[in-house]
Amino acid sequence: MLTLDYTFMLDDAVPGGVGTADWIAAQSAFAAAQASAEARRRSGELGFFDLPSNTALLEQVEGFVTRTRGRFRDVVLLGIGGSALGPIALRNALRPPQWNLLDETSRGGWPRLHVLDNVDPSTIAAILMRVDLRETLFLVISKSGGTAETMAQYLIVRARLLEAGLPLTGHLVFVTDPSKGALRPIANAEGIPALDIPPNVGGRFSVLSPVGLLPAALTGINVAAVLRGAGALERRCATTDLARNPAGAFAVLQWLADTKRGKPIHVLMPYSDPLRDIALWFVQLWAESLGKVLPGGGHVGPTPVPALGATDQHSQVQLFMEGPLDKTVTFLAVDESPNDLTIPHLHQDVPDLAYLGGHTLAELLNTERRATAGALASRGRPSCTISLPRVDAENLGELLMLFEIATAYAGALYGINAFDQPGVELGKLYTYGIMGRPGFGESRKEFEALPQPSPDRRA
Ligand code: PA5
C-alpha cells in the first residue's frame, strides 16, 4: 500500500510550508471538493473512478490478448496526449527500456512495445524501417477518433500495410469511443477490431481503460493487478476525512501551497528510473486539467515540473534549493528494489571512496532522496514523499489512481472544470485552416490576420 508523508509540507516542520492552521481549516473546503467529485461521479460524468471495477472492459482487453498471443513480435502504438502518456508510463515502469532489448524467449514470447506519440517523420520512418510489418500489430488509440496527429500516423501505416499486401483486420486494432469519431465507423465498415473507451472517460484520465490496459496486457503486464491497486486506492479515498484520504491530502496541500504560500510550481521527482515517465504523465494531468480561466474571469493553474532523482541533483536541484521560493517538490520513493547491487570495497584504502563500499545502490538512491528532502527543508522549502513498497502492477495502479482523484479534487478546490481543455482548441483550428480542412477557412483567415514573423526581426 502506498503512503503519503507530508511532514515537510507543513510550516511547523518547514517554515515556508503550508500553515498548519490553513491545513486544519481546509478540512471543510476538502469535504465540499470531495462531495462535488462524488456527485459528478454518481451523475455518470466522471467515469474514471469506476474503471477498476469495469470487468467488461478487462474482458475485452484479455480476450483480444488471448486471441492474438504469439502472433506479433512488435506492437506499435499510435496516439498522443492521454492516449500515449499513460501507456508509456505503464510500459516504462513495468517493462523498462532494457526489456525491449531482450530476445523473444527472455521476454516470454511477448512482443516489444513502441509508442509513437508525435508526428516527427524521423521517428515514424525509423520505426517503420525497423519492424517487420508481417509480425507487427498497430494500436490506433484516440478517444475522439479524429486527432490530426494520430490520424496522420494511421493513414501512413494503413497505406504501408496495404502496399505490403497485408490484411488490415489482422494488423490493426482501434481503441476509441464506442460511437463517436472517425475510427469507429471505419472499424465497423472494415471489420477492424475495436475496444472501447467509455464516453465518460476523458483522454488524460483513461490510463485504466483499454488505452493503458491493452498495450500493457499485450506485453504481459498483469493488468488485473493494476486495476486491483487502483480500486484499493479509490476505496481509501471514499472518506471526507482529509488526513486519511491520500489523494485529498495531496490535492489540498498543493492547492494551499499555491494559493496561500505563493508556490505555483509543483515538481514531481521520482527517485526511480521505472517511475520516471509517471512524472510526464502527471504533468499532462495536472497542467491540462487545472490550467484554466475561472468562471468569473482570472486565471489559475499550477505548473507541474518533472524531475528525476538522483540525476537532477546534478541539474535542477540547484534551482529548487536557491531559486525563487515558488515550488513544492513531491518525491516518489520505492522501498524495495529487485536486482539491487552491492557496491564493492576497494582492496586498497582510498578514504574518499571507502564510505560507499558495502552499501547497495538502492540504499544510496534512497539516502540521496532523504538528504535532498532534508536539504530543502533546511532552507524552508516544502516537500512531500509518496512511497511505494515496490514498483509492481498493483502499486502502479494505486499511484495512477491517487493522482487522478487528486486532480478531480484540485479542480473543485480551484473552482474550475478539470475535465475539459478549451485552451488547446484554437491552435487545432488554425492547423486545420492552414492544412486546408473544409469548413475551417475562417480559422485560416484569423490566423493570417495575426502578426506574422518579420524578416527584419531575424537575428
Ligand atoms: O486529455 C485529453 O483529452 C487530451 O490530452 C487527449 O488525450 C489528446 O488530445 C488526444 O486525444 P485523443 O485521444 O482524442 O486522440
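Atoms within each ligand, like the ligands themselves, are counted from 1 in listed order. These numbers come from a predicted model, not from an experiment.
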Any N or O on [X] sitting closer than 3.5 Å to an N or O of ligand 1?
| X | answer |
| --- | --- |
| Lys428 | no |
| Ser144 | yes |
| Gly82 | yes |

Could you tell me, atom by atom, which parts of ligand 1 come under 4.0 Å of a heavy atom of [X]?
| X | value |
| --- | --- |
| Glu288 | 1 (O), 2 (C), 4 (C), 5 (O) |
| Thr147 | 11 (O), 12 (P), 14 (O), 15 (O) |
| Gln421 | 3 (O) |
| Gly203 | 1 (O), 2 (C), 3 (O), 7 (O) |
| Lys143 | 12 (P), 13 (O), 14 (O) |

Margin query: Below 4.0 Å from ligand 1: does a non-hydrogen atom of Gln284 turn up there or not?
Written below: yes

Regarding Arg158 and Glu190, does a basic nitrogen lie under 4.0 Å from an acidic carboxylate oxygen? yes

- Item | Arg204 to Trp286 six-membered ring, cation-pi geometry met (6.0 Å, 45°) | no

Do Arg95 and Trp99 form a cation-pi contact, if we require the NZ or CZ to be under 6.0 Å from the six-membered ring centre and within 45 degrees of the ring's axis?
yes

Tested for ring pair (Phe, Tyr, Trp, His ring centres under 6.0 Å) against Phe174, the lone hit among Phe138, Phe64, Tyr154 is Tyr154

If you scan protein heavy atoms around atom 2 (C) of ligand 1, the nearest is Arg204 NH1, 3.4 Å

key: 4.0 Å protein heavy-atom contact status of atom 9 (O) of ligand 1, strictly under   = no

dist Gln60:CD -> Ser209:OG (nearest 0.5 Å) comes out at 10.0 Å

To the nearest 0.5 Å, atom CG of Leu268 lies from atom CD1 of Ile278 at 8.5 Å

So, do Phe403 and Phe250 have ring centers that fall under 6.0 Å from each other? yes

> Do other residues, nucleotides or ligands put more than 12 heavy atoms under 6.0 Å from the CZ atom of Arg73?
Replying inline: no

